[in-house]
Structures are given as C-alpha cells and as structure tokens.
Amino acid sequence: MTAYVTSIWRCRHFWFSLVKMDLRTRYRRSMLGIGWSLLNPIAMTTVLCTVYCNLFGMNLKELGPQILGGLAFWGFVSASALQGAQSLYQGEAYIRQYPAPMAIYPLRVVLGAGFHLLIALSVVIALTWALRGFDNLAMLPTVVPVLLLLLVFGWSLATLTGLANVYFPDTFHILEVGLQILFYATPIIIPEDLLRQRGLGWMADYNPLAALLETVRRPLISGEAPPISSYLVACITVLLMFSVATFTLHRLQRRVIFHM
Amino acid sequence: MSRVFLDNVSLTFHLRQCGRVPFKEFVVRQMFRKSRNPITEVRALRNIQLEAHEGDRVGVIGHNGAGKSTLLKLLAGIYPPTSGTRIVEGQISSLFELTLGFEMEANGWENIAFRSYLQGATPKTVRSKIESIAEFSELGEFLDMPVRYYSSGMLLRLAFSISTSIEPEVLLVDEVLSAGDLAFQDKARARMYGMMEKAKVIVMVSHDLKSISNLCNHVIWLDHGTIRMVGRPEEVIPQYAQHMHKAAKLAA
C-alpha cells in the first residue's frame with residue numbers, strides 16, 4: 001500500500017500536468033470559458049426556481065442556493081462516474097507503454113471534476129451572500145474536510161466505473177440510467193421539506209448520497225451545521241466505497257491490460 | 001547494478017472470440033449457463049529463460065507473431081507473467097508503440113513535458129532538456145500547434161526525440177531503428193547508437209538482422225512463444241536466416 005502510494009507520488013508531475021491541461025482545454029484559457037462551463041447548472045436553477053416560485057409560491061432566497069448547490073454536487077458525482085468510466089481507456093496508450101500505477105487515471109478525471117466543483121461552489125457561496133447575507137461565514141471551514149471526503153468518494157467511484165467499463169462495454173449505458181434514477185432519488189432539485197411533506201422522507205434518510213450532499217450544502221447555504229448522523233453516514237459511505245475501490249483495483253490492476 | 005532475469009516465464013492470453021461481454025449478457029449467462037462466446041487461450045510465451053547483466057545487448061529475432069513484442073512488454077512490466085519469475089533491476093526505458101500516448105489537444109511542447117514526466121523526469125530536468133528535444137525533432141514552430149494536426153511522420157519524429165533523450169539503465173527497443181524520412185533516419189540512427197552506448201542492459205527486437213549482429217552480443221530466436229535457439233549472433237543468425245529462407249521457398 002505504502003509502496004503504491006509512493007509510486008503514485010513519484011509520477012505526480014505526469015498526472016498533475018495532465019489535469020492542468022484538461023482544465024485549460026475545458027476553460028479554453030478564458031474567464032468566459034469558466035462561466036460557460038457553469039451555464040448548465042445556472043440555467044437549470046433559473047428554470048426550476050421560476051417554476052417552483054410561481055407554481056408553489058416557494059421562497060427564492062432559500063431555493064436558489066439550494067438547487068444550485070445540489071446541482072454543483074451532482075455535477076461532481078456524475079462527472080466522477082461517467083468520465084471515470086472512460087478514464088482507463090483515455091489513458092490506454094500510456095498503460096500500453098509504461099507500467100505506471102492504474103490509480104492515476106481515475107485520479108486525473110476526479111481532480112478535474114473537483115476543481116470544477118470548487119468553482120461551482122464558489123458561485124453558490126456568492127449567490128447565498130447575495131440572497132441571504134453572510135451568516136454562513138462561520139460554517140465555511142467545515143466544508144474543507146468534507147470536500148476532501150468528496151474527493152476520495154469521487155476517486156473511488158471513478159476507479160470502480162473505470163474498471164467496470166474495461167470489463168463490460170455497456171457500463172456507460174447502465175451508469176447513465178443509474179445516475180438518472182439516483183438524481184431524482186436524492187434531494188437535489190426537490191427540496192427535502194417537500195419530500196417529507198409527501199411522506200417521501202425515507203428517500204433522503206436511506207440515501208447515503210443525500211447525507212453526503214447535506215454535509216456540503218447545508219453549511220454553505222444556511223450556515224447551519226448538518227446533523228452528526230449525516231457526517232457519520234457520509235464517512236461510512238466514503239470509507240466503504242474507498243475500501244471496495246482499492247480492493248478491486250488491487251485485484252485487477254495488473255490484469256486490466258489483457259481486457260483492453 | 002542493472003539486471004534482467006526471467007526464469008521459466010510463461011504468458012497466456014485469454015481472449016474472447018467476439019470481444020468483451022456486455023454486462024447484460026454476463027448476467028444472463030450466469031442465470032442460464034450458456035455461452036456462445038468461448039474463451040480462446042493463446043500461449044504467447046512459454047518457458048522463457050533469459051538472463052542479461054550489465055553490458056549485455058540482447059537481440060530478439062523471430063517471425064511475426066513469435067512473441068517478440070510480448071516479451072518486451074513483459075520485461076517492461078506491462079504484462080504480468082502468467083507463471084514464472086520476472087526480475088528487472090534498474091530503471092526501465094522502453095521504446096515501443098512510439099506514436100501512441102500523445103495528448104492530441106495539447107501542443108508539441110506540452111507533450112514533450114508529459115512524456116518526459118512519465119519517463120521519470122521532473123519539471124527541472126525537463127526544462128534543461130526541452131530545447132534540445134525540440135531542436136532534434138526539427139519541428140520548429142509546429143511545436144506550438146496541437147499534436148492533432150501533425151502528420152504521422154511528424155509524430156514519429158517528436159516521439160523519437162523525446163524517448164531517446166534519456167539515459168536509460170535497462171533499455172527495451174522494438175523496431176525503432178528507422179524513424180522518419182531518409183534525412184532524419186541517419187540522424188536518428190546516430191542518436192540511437194549514442195543512447196545504446198550509455199544504456200547498461202539492452203533488449204531489442206528487430207527484423208533487421210544486420211543491426212542485430214552489429215549491436216548485440218547475445219541473440220534469442222523465438223518461435224511460437226518458445227525459445228528455439230540462444231547464443232552468439234554469429235551462431236544464431238545464420239541458422240535463423242537459413243530457416244526463413246527455407247520457409248519462403250516452401251511458400252513459393
């Protein structure tokens with residue numbers, strides 16, 4: 001394990017420069033590029049807020065940051081899963097030439113997605129400040145460890161989907177369907193209170209992704225601490241995912257090349 | 001100390017007739033236990049014995065599909081042996097599938113950095129040699145362009161220039177003695193020889209029997225994944241040439 005981590009560290013210049021290049025390509029070397037890449041969540045938030053506020057008379061000040069925060073989180077999760085699925089194929093040419101540790105290819109994808117998450121979350125913070133004032137300042141530092149937790153979660157997810165995609169060519173298809181279901185099963189665009197009113201609270205209670213989302217979103221937008229149980233569920237989920245991912249990677253990483 | 005050691009190494013590929021199995025088929029098959037996509041075994045290498053110490057230059061010859069490139073990839077640590085022991089001491093540098101592994105959206109300069117990092121360079125060492133790599137490739141201002149627009153010859157030049165800019169301990173070479181157009185080939189050959197002189201152990205695959213006999217002190221003749229003959233170049237190469245000649249005559 002230590003030797004493996006050392007080998008990842010030893011080729012840090014390689015994967016780090018790839019991450020930097022991915023980001024440069026994504027944002028096309030401009031500020032507009034960054035705004036452009038956030039167009040989707042911002043547009044979706046606008047549409048949803050218009051619908052909710054006009055149809056159900058909900059409070060924009062609460063809803064806006066909540067939906068944007070949810071979409072930012074979901075963007076990271078789905079990018080980790082979907083781009084992660086392609087990560088090993090993306091690095092295939094390198095894999096065929098150099099025996100670098102397999103873990104760096106999902107890492108490349110997740111660091112890119114993580115950077116994007118940071119940008120999206122800073123927009124969420126700015127929106128919260130604009131709509132609700134600065135009462136979240138005290139809670140902001142609690143988000144830092146959670147972001148690290150998310151990074152580990154994203155890497156584990158990307159590693160698992162990446163390996164699955166090497167073995168099963170229809171992984172991407174299954175993932176798209178699965179992610180769509182999870183998207184609606186997690187209180188991202190549907191406020192949690194609404195779920196509880198309709199007796200669907202269990203969807204949030206038994207969904208580890210909802211707990212993970214709570215630990216990032218709640219302190220950011222309301223300045224309130226999430227319940228301890230959310231932290232607990234989030235930690236256990238990430239730990240489990242990480243163990244499964246490292247175990248699977250350990251088992252398969254030398255044989256992956258035979259299936260590509 | 002650099003050393004290459006293979007003891008009784010075998011490598012078997014398990015291939016499927018119709019590519020990878022989709023997950024849905026995998027589930028269905030688990031339920032009904034009927035497969036129309038059987039696994040074929042390809043025994044790419046069988047009981048390979050190889051030992052090379054510092055100063056050794058090993059040439060690997062054999063017909064197409066004999067397992068030469070597979071052997072190199074196994075030495076490089078890309079394929080794990082199915083059975084047997086593989087020990088390689090010293091930093092490995094490999095020259096094969098050269099034109100693969102470029103980031104198509106990045107320009108030439110960036111790709112020089114990426115590939116150098118993968119070969120174990122640091123930003124500091126890259127800075128010190130990036131100019132000489134660029135100069136050797138003769139690509140000039142094309143280096144500012146995304147690699148996507150390069151011709152295959154330009155890609156090969158760039159790849160060759162990067163890969164030969166290192167001082168390897170264990171060098172694995174697969175048929176790259178002729179890179180690029182004629183003018184570049186002479187230059188490339190000189191650079192290649194220069195690098196080979198510095199390398200401690202070399203294992204090279206080539207169909208060019210002349211270069212093998214010039215460069216190597218030890219030759220392995222692979223035939224269908226097994227070692228047919230081992231020895232000094234002047235012993236093995238004539239036998240191999242004779243065999244190939246006979247085979248060609250039979251085919252005619």
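Please read these numbers as outputs of a predicted model, since none were measured by experiment. So you know, we letter chains A, B, ... as the sequences are listed, proteins then strands, and number each from 1.
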For Pro22(B) against Phe168(A), the heavy-atom pair lying closest together =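 Between these two residues, the closest heavy atoms are C-CD2, 4.1 Å.
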
Closest heavy-atom pair, Gly77(B) versus Pro99(A), reported as atoms and distance to 0.1 Å, is O-CB, 3.5 Å

Short side-chain to backbone donor-acceptor contact, Gln97(A) and Leu100(B), under 3.5 Å =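 Indeed, once roles are kept as given, a pair shorter than 3.5 Å links the two residues.
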
With rounding to the nearest 0.5 Å, note down the distance linking CD1 in Ile104(A) to CG in Leu118(B).
->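 One finds 7.0 Å between CD1 of Ile104(A) and CG of Leu118(B).
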
pair Arg96(A)-Ile78(B): side-chain heavy atoms closer than 4.5 Å = no

4.5 Å side-chain heavy-atom contact, Gln119(B) and Tyr98(A) = yes

Please look at Leu72(B) and chain A and tell me whether the side chain, the backbone, both or neither of the residue comes under 4.5 angstrom of a heavy atom of that chain.
-> neither

Is chain A contacted by the side chain of Phe114(B), its backbone, both, or neither, given a heavy-atom distance below 4.5 Å?
->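 When you check distances to chain A, atoms from both the backbone and side chain of Phe114(B) fall under 4.5 Å.
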
Contacts of type side-chain contact (heavy atoms from CB on, under 4.5 Å), residue Tyr206(A), not counting sequence neighbours =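 Here the qualifying residues are Trp202(A).
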
Does atom [atom1] of [X] have more than 12 heavy-atom neighbours from other groups under 6.0 Å away?
X	atom1	result
His207(B)	NE2	yes
Glu54(B)	CD	yes
Met1(B)	CE	yes
Tyr184(A)	OH	no

Given heavy-atom pairs under 4.5 angstrom as the criterion, report whether the side chain, backbone, both or neither of [X] touches chain B.
X	result
Arg10(A)	neither
Phe16(A)	neither
His259(A)	backbone
Ile174(A)	side chain

Could you check which of Ala121(B), Ala106(B), Ser94(B), Gly101(B) has the highest count of heavy-atom pairs closer than 4.5 Å to chain A?
-> Gly101(B)

Look at the aromatic rings of Phe258(A) and Tyr79(B) and report parallel, tilted or perpendicular, splitting at 30° and 60°.
-> parallel

Lys/Arg-Asp/Glu bridge criterion (N-O < 4.0 Å) met for Glu103(B), Arg24(A) = no

